[in-house]
Amino acid sequence: MQSSVYTADVGAGMPQGLVGRAGDVERIEGLLGSVDSGGAVLLTGEPGVGRTALLGHLALRATAAGARVLRAAGTESESGVEYAALNQLLFPLWEEDPQAVDGAHSAALRVALGFGEGAPPERFLVSNAALVLLRRAAAATPILLVVDDLQAVDPASAAVLGFVARRLAGSRVRFLAARRGRRGRAETAVRAEYEVLPLDEGASRLLASASHPDLAAPVVECVAAAARGNPLALVELPAALTGPQRAGLERRPPALPLTRRLREVFGSCVAGLPEATRRLLLVPALEGTGDLAVLQCAAQRLGAGADLTELEAAERDGLVRIEEFDHRLSFRHPLYRAAVVEASTSAERRRVHRELAEVLHDRPDQRAWHLGEACVEQDEDVAALLEGTAHRVLRRGDATAAIRALTKAAHLSPGAADRGRRLAAAAYIRADASGELTMASRLLDDARRFGSDDRASLYSAAVAVHRLLDGEGDIDTAHQILLGAIENGDHPYGACDPALEEALYLLLLLCCLGGRAELWEPFHKILERLGPDAPRLLAVNVATQGDPARTALPAMGDLEELIAGLPQETAPSRITRIGTAGIAADRLTGVRDAVSRVPSQGRRQIVTLPLLCTDAFLSGRWDDTTELADEGLRLCKEHAFEAVSWYFLYYKAVVAAARGEAGVAEETADAMGVWGTSRGAHHLVTLAEHIRVLVAQAEGDFERAYRHAAAISPPGELAPYTPVALLVVGDVVEAAVRTQRPAEAAAHVAAARHAGIAALSPRRAMLVDASRAMAAEADEEAIGLFERALAHPGVQQWPFDLARVTLAYGERLRKARSTTDARASLSAALATFEQLGARPWADRARRTLQATGWMVKRADGPESVSLTPQELEIAHLAASGLTNKQIAERLYLSPRTVGGHLGRVFPKLRITSRAALRDALTGLARR
């Protein structure tokens with residue numbers, strides 16, 4: 001019967017002693033069948049994938065289930081000894097009952113197992129004898145035959161086992177074997193062949209961490225990537241690293257070295273190939289892409305198998321695959337490639353690299369790398385080529401390759417200053433892109449030993465700033481360090497070089513965090529020195545992040561062009577910077593796809609997550625907001641990024657505030673305010689105030705909301721260098737109106753209109769018009785402005801803001817006694833708030849909706865209690881702790897009117913104090 005190949009469903013769970021193999025165990029046992037079915041399964045897979053571990057685990061489970069396990073393993077040393085494996089399997093049975101088989105069967109089996117003398121028995125007779133022995137023994141106790149390394153079993157035993165495996169149906173004998181590779185002897189064919197696949201990513205990381213608890217998280221990722229799910233590699237590769245390398249304190253080699261055990265497993269496969277094949281395999285092993293045309297050209301130059309026919313042996317043994325559709329060769333596992341490289345000499349490797357550099361003359365990045373590997377002496381030309389390659393691959397998002405290229409360029413640099421500059425650049429990339437500050441510091445230490453130029457000093461200052469931000473977070477000190485390095489260096493201000501440009505972006509971050517004019521003024525002077533040669537993206541970020549109320553609008557044309565070019569953009573740093581520039585203008589929808597393409601690595605991922613959090617919150621995906629923020633906090637903890645962690649705590653807090661979890665939100669706001677104040681991070685202080693504004697608004701405490709909103713942006717002024725001021729325009733106006741401060745409300749509306757922020761986006765326009773409506777005295781004017789606010793195109797993409805404006809509109813309609821229209825608006829707002837889970841806002845919308853005419857009547861027994869909609873709303877507000885004055889402000893009533901309503905409510909509910917209101921209303925709702 002033709003074999004069936006079943007694919008493992010790995011990663012579903014973890015049996016005791018194994019990682020990520022629950023799916024395999026369940027599937028294999030299903031193929032083997034019950035103890036009475038007599039099934040046979042053959043496990044296959046690459047070396048080190050865990051076949052032997054699975055055999056052992058399944059054997060233990062069989063024993064626990066009451067079966068007897070008989071085991072054998074093929075070995076190269078006994079592969080020429082007839083019936084050696086059969087002896088391992090059947091000896092225990094024969095020893096227990098030599099009379100289990102008789103006659104010719106007994107004689108044949110005695111000779112085959114080495115217990116008797118005579119002529120070699122016929123193989124068919126031995127096979128039948130083995131089958132009879134197994135069936136009779138299994139009559140008392142079910143038997144599981146377990147054979148490992150079937151490919152190394154002697155041919156005679158393999159033939160008998162194949163005979164037995166095909167005749168187990170209906171017996172109490174089951175057969176479970178494993179072989180290396182995908183091919184086996186025809187004689188051992190069984191009905192079910194199960195390929196054990198590599199572990200998935202999660203199981204790989206778990207196994208590496210469990211096997212080596214001292215591995216730092218980035219090292220775990222590196223090991224998992226190199227092992228590609230191979231359990232043996234996951235356990236063995238870290239053993240070849242030093243202690244500091246495992247802890248992430250020292251640089252790891254580009255290719256993790258093989259341990260002795262890995263060399264035995266993977267190297268033995270390579271060693272068994274013909275010499276010409278091994279020699280030719282070194283070309284694809286060093287070339288990396290597997291392009292057959294490149295391999296053939298290089299092989300011709302080397303005089304080694306120009307037609308690539310020598311690769312057939314490696315392809316037959318499963319070490320490599322050749323994909324016909326794209327004419328590429330790939331190693332079945334990276335460790336085969338590593339074994340090929342390790343088996344070669346340094347002279348052989350340099351020669352192959354030289355020839356590959358010649359073949360790849362039209363591919364500058366690959367050519368530079370091969371030239372660098374072929375060099376044995378310092379060479380400035382090659383070092384310059386590698387430095388150029390580093391900047392190009394960094395723009396494509398490969399920070400690791402950029403660091404490798406710069407480090408290699410530094411070692412090839414004859415000049416000490418060039419060497420120091422290149423090492424400093426590598427240190428900065430490591431700190432900025434991956435956040436590995438300890439390793440960045442070590443690179444800087446190396447750079448200082450060779451001296452430095454001004455660009456090296458900039459990179460050094462930038463790394464120092466990263467360390468400050470991720471440690472104490474002192475904004476002023478970090479600003480002084482970086483500003484000094486920029487101002488005191490002899491920089492070509494006419495054309496911004498990479499070192500200066502990166503330093504300026506980092507200085508921009510410090511100015512944004514500080515949020516104070518004294519930090520921004522020297523930054524603007526530097527930009528003036530750059531003049532028209534200042535990078536356009538940097539200028540746009542300064543305009544949209546620093547003081548967006550005054551400077552963002554003129555930059556909108558440039559921003560739109562940058563966003564339009566995002567589909568073609570590959571540089572992660574540019575993508576995140578364009579996205580950050582788009583926050584003030586609500587352009588995150590346009591950058592969402594590009595931001596999602598940014599590699600998930602170190603600091604880069606932490607920089608993109610706040611953009612995704614902002615987009616998710618504004619678009620009403622609040623569960624996603626919390627999930628993204630949790631992921632950001634996990635990464636911040638993993639990489640010790642304390643300053644950035646506050647942004648993720650902020651997003652969790654605004655969701656909590658909007659959903660009525662005031663305690664959680666205010667706790668975050670308090671901690672954020674203390675941290676920001678002590679470190680000069682005014683931006684974080686204003687974010688903390690914004691959280692408090694949302695909490696107060698949700699609770700209907702407009703006096704408190706006004707106080708916190710005014711602390712961000714005083715009425716009548718959009719505070720300079722305070723982007724949060726744009727967030728609270730509507731909050732300042734509404735709180736001022738509700739607390740009887742009409743002049744302040746009008747002044748703030750005038751300030752927003754004068755700044756022209758409505759032109760930034762439809763959302764800003766909606767909020768400005770809604771603010772005008774709330775501040776308007778005449779109902780007719782207010783209603784017209786609300787209708788204009790809600791008519792701006794595309795405002796549906798901001799559901800929370802839209803619902804808040806719709807609620808305010810409904811409240812004003814109700815005040816103007818336009819009951820039918822009020823109900824429509826309030827119902828729409830209520831539906832959105834409920835969908836978002838914004839409970840306090842939904843409660844407010846529901847009570848106002850009831851106040852438009854819904855009667856709340858509950859009867860329980862002979863008596864009934866009936867409250868008017870107005871009375872019910874006032875009762876709920878009083879039960880929440882609001883004073884008569886606060887209730888009056890919220891409902892546009894006088895405190896005297898509120899008191900009159902409560903005077904009628906108390907007798908109806910048979911209570912005498914406000915303290916009893918909550919229980920009475922709860923009981924009323926139950927009835």
Side-chain angles (χ1 to χ4, degrees), residues 391-399 432-433 495-496 498 501-502 504-505 508-509 512 527 530-600 604-605 607-621 624 628 723 726-727 755-768 791-799 801-802:
H391 292 302
R392 284 191 293 273
V393 299
L394 185 61
R395 285 196 293 271
R396 294 196 294 267
D398 194 344
D432 181 65
C496 197
E501 185 173 353
E502 291 301 317
L504 288 174
Y505 273 112
L508 169 63
L509 172 62
C512 289
L527 288 182
L530 287 173
D533 291 330
R536 183 169 67 151
L537 179 54
L538 177 64
V540 170
N541 270 275
V542 172
T544 56
Q545 292 187 66
D547 193 5
R550 293 166 181 79
T551 59
L553 196 56
M556 286 301 98
D558 285 340
L559 176 61
E560 294 291 358
E561 288 185 20
L562 291 167
I563 292 175
L566 276 175
Q568 291 76 44
E569 187 60 68
T570 58
S573 59
R574 285 183 60 83
I575 291 172
T576 55
R577 287 162 182 169
I578 292 171
T580 303
I583 292 176
D586 291 321
R587 297 299 196 274
L588 288 179
T589 301
V591 304
R592 185 184 299 158
D593 291 342
V595 168
S596 65
R597 298 199 314 265
V598 174
S600 301
R604 286 270 163 77
Q605 187 178 6
V607 171
T608 59
L609 281 172
L611 299 178
L612 298 175
C613 283
T614 304
D615 179 43
F617 180 77
L618 291 176
S619 59
R621 294 177 288 111
D624 290 348
L628 289 164
L726 294 183
L727 296 178
I757 62 173
L760 290 175
S761 74
R763 183 173 79 97
R764 304 288 185 195
M766 175 181 69
L767 295 175
V768 169
H792 287 289
V795 293
Q796 293 77 15
Q797 62 185 300
W798 299 290
D801 292 295
L802 178 62

Taking C-beta and beyond as the side chain, do [X] and [Y] meet within less than 4.5 Å on heavy atoms?
X: Leu530; Y: Leu527; answer: yes
X: Glu501; Y: Leu538; answer: no
X: Ile563; Y: Val591; answer: yes

**Asked** Can you name the closest pair of heavy atoms from Gln568 and Ala564 and give their distance?
**Response**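 Looks like OE1-O, 4.1 Å.
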Residues two or more places apart in sequence or in another chain: which of them pass salt bridge (Lys or Arg N to Asp or Glu O under 4.0 Å) with [X]?
X: Arg763; answer: Asp586, Asp801
X: Arg587; answer: Glu560
X: Asp593; answer: none
X: Asp547; answer: Arg550

**Message:** Test of understanding: with ring pair (Phe, Tyr, Trp, His ring centres under 6.0 Å), list the residues that count as partners of Tyr505, not counting sequence neighbours.
**Reply:**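 Residues passing ring pair (Phe, Tyr, Trp, His ring centres under 6.0 Å) with Tyr505: none at all.
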Distance-only criterion, 3.5 Å: show the donor-acceptor pairs between side-chain atoms of residues 792-799 and protein atoms not counting sequence neighbours.
residue : atom : partner : partner atom : Å
His792  : NE2  : Asp769  : OD2          : 2.7
Gln797  : OE1  : Thr589  : OG1          : 3.3
Gln797  : NE2  : Gly794  : O            : 3.1

**Message:** Suppose we screen for side-chain hydrogen bond (donor to acceptor under 3.5 Å, both in side chains). Which residues come up paired with Asp615, at least two apart in sequence or across chains?
**Reply:**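 Asp615 satisfies side-chain hydrogen bond (donor to acceptor under 3.5 Å, both in side chains) with Arg592, Arg621 once adjacent residues are dropped.
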**Message:** Which residues pass the side-chain hydrogen bond (donor to acceptor under 3.5 Å, both in side chains) test with Arg577, not counting sequence neighbours?
**Reply:**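 Checked Arg577 against side-chain hydrogen bond (donor to acceptor under 3.5 Å, both in side chains); matches are Glu502.
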**Request:** Starting at CG of Asp558, measure out to CG of Asn541 and round the result to the nearest 0.5 Å.
**Result:**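 Output value for this atom pair is 11.5 Å.
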**Request:** For Ile575, enumerate each residue passing the side chain to side chain contact (heavy atoms under 4.5 Å, CB included) test, keeping only those at least two apart in sequence or located in another chain.
**Result:**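 Only Leu566, Glu569, Ala594, Val595, Arg597, Val598 meet the side chain to side chain contact (heavy atoms under 4.5 Å, CB included) criterion with Ile575.
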**Prompt:** Who are the side chain to side chain contact (heavy atoms under 4.5 Å, CB included) partners of Leu553, not counting sequence neighbours?
**Reply:**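 Listed in chain order: Met556, Ala759, Leu760.
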